[in-house]
Novice: 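Following this message is one structure expressed as structure tokens.
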Amino acid sequence: MPTISVKDAVTAAKDAITELYYDDPLRNLALEEIELTTKDGKEVWEVTLGFYRVRSVTTKSNHLSAIFEPQLEVENRAYKIIEIDAETGQFLKMGMRRAP
């Protein structure tokens, strides 16, 4: 039985990811999934958080005018799995959520 509640696990995960990305503030941070699992005999909350990131996209063109066109900026949703120790509430790990 976990010592910290699901609500506390989500708060700890959001605090951890916000601190990790302190120099690149996350936009529209939201809870996507949460699951209590056991890893190496220890209960762990796996908290999946989603947020928007901006990335530059280069368009391919054979026209000379492409040299003078600015790169496009595209927002894409990123998902991270934050592992929180279910007993202490401590941040353990951050990983990418893989697409199915």
Side-chain angles (χ1 to χ4, degrees):
M1 190 77 171
T3 303
I4 67 164
S5 69
V6 66
K7 185 176 179 181
D8 290 338
V10 172
T11 299
K14 285 182 175 181
D15 289 347
I17 199 168
T18 301
E19 186 176 322
L20 290 169
Y21 284 94
Y22 73 93
D23 61 341
D24 185 14
L26 306 176
R27 289 194 306 267
N28 297 325
L29 181 63
L31 174 65
E32 302 290 344
E33 299 173 350
I34 187 161
E35 180 180 7
L36 181 63
T37 65
T38 303
K39 294 192 175 184
D40 299 324
K42 179 187 283 194
E43 286 189 315
V44 174
W45 287 108
E46 287 187 348
V47 182
T48 302
L49 300 173
F51 53 92
Y52 284 103
R53 302 292 307 265
V54 174
R55 63 181 182 140
S56 296
V57 176
T58 305
T59 57
K60 293 185 179 181
S61 175
N62 293 330
H63 300 287
L64 185 58
S65 63
I67 296 172
F68 302 104
E69 292 176 5
Q71 287 187 342
L72 297 173
E73 299 256 316
V74 177
E75 270 195 345
N76 62 318
R77 191 105 177 128
Y79 300 93
K80 299 285 186 175
I81 299 173
I82 309 297
E83 292 184 6
I84 302 294
D85 185 305
E87 186 176 326
T88 66
Q90 295 296 308
F91 166 80
L92 299 173
K93 177 182 173 183
M94 179 176 75
M96 295 288 295
R97 184 178 82 175
R98 305 285 179 228

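Nothing here was measured: the structure is a model prediction, and the numbers come from that model.
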Novice: To the nearest 0.5 Å, how far apart are CD in E33 and OG1 in T48?
Specialist: 4.5 Å

Novice: Taking only residues two or more places apart in sequence, or in another chain, which ones meet E87 in a salt bridge (Lys or Arg N to Asp or Glu O under 4.0 Å)?
Specialist: none

Novice: Is any side-chain heavy atom of K80 closer than 4.5 Å to one of R97?
Specialist: no

Novice: Does anything in residues 6-23 pair up under salt bridge (Lys or Arg N to Asp or Glu O under 4.0 Å), and if so which pairs, sequence neighbours excluded?
Specialist: none

Novice: The criterion is side chain to side chain donor-acceptor pair (under 3.5 Å); which residues satisfy it with D40, sequence neighbours excluded?
Specialist: none

Novice: Determine the minimum heavy-atom distance between R77 and A30, stating which atoms define it.
Specialist: NH2-CB, 3.6 Å

Novice: What distance do R53 atom CZ and R27 atom CZ have between them, rounded to the nearest 0.5 Å?
Specialist: 9.0 Å

Novice: Got a sec, which residues hit side chain to side chain contact (heavy atoms under 4.5 Å, CB included) with K39, two or more places apart in sequence or on another chain?
Specialist: T37, V44, E46, E83

Novice: For residues 23-43, which residue pairs qualify under ring-ring contact (aromatic ring centres under 6.0 Å, His included), counting only residues two or more places apart or in two chains?
Specialist: none

Novice: Where do G89 and A12 come nearest, in terms of heavy atoms and distance?
Specialist: O-CB, 3.7 Å

Novice: So which residues get pulled into Y22's cluster when ILVMFWY side chains under 4.5 Å apart are joined, directly or through others?
Specialist: none

Novice: Suppose we screen for side chain to side chain contact (heavy atoms under 4.5 Å, CB included). Which residues come up paired with T88, at least two apart in sequence or across chains?
Specialist: D85, Q90

Novice: Rest of the hydrophobic cluster containing I34 (Ile/Leu/Val/Met/Phe/Trp/Tyr, side-chain heavy atoms under 4.5 Å)?
Specialist: I4, V6, V10, I17, L20, Y21, L26, L29, L31, L36, W45, V47, L49, F51, I82, I84, F91, M94

Novice: Would you please name every residue forming a salt bridge (Lys or Arg N to Asp or Glu O under 4.0 Å) with E35, sequence neighbours left out?
Specialist: none

Novice: CG/N28 to OH/Y52 distance, rounded to the nearest 0.5 angstrom?
Specialist: 6.5 Å

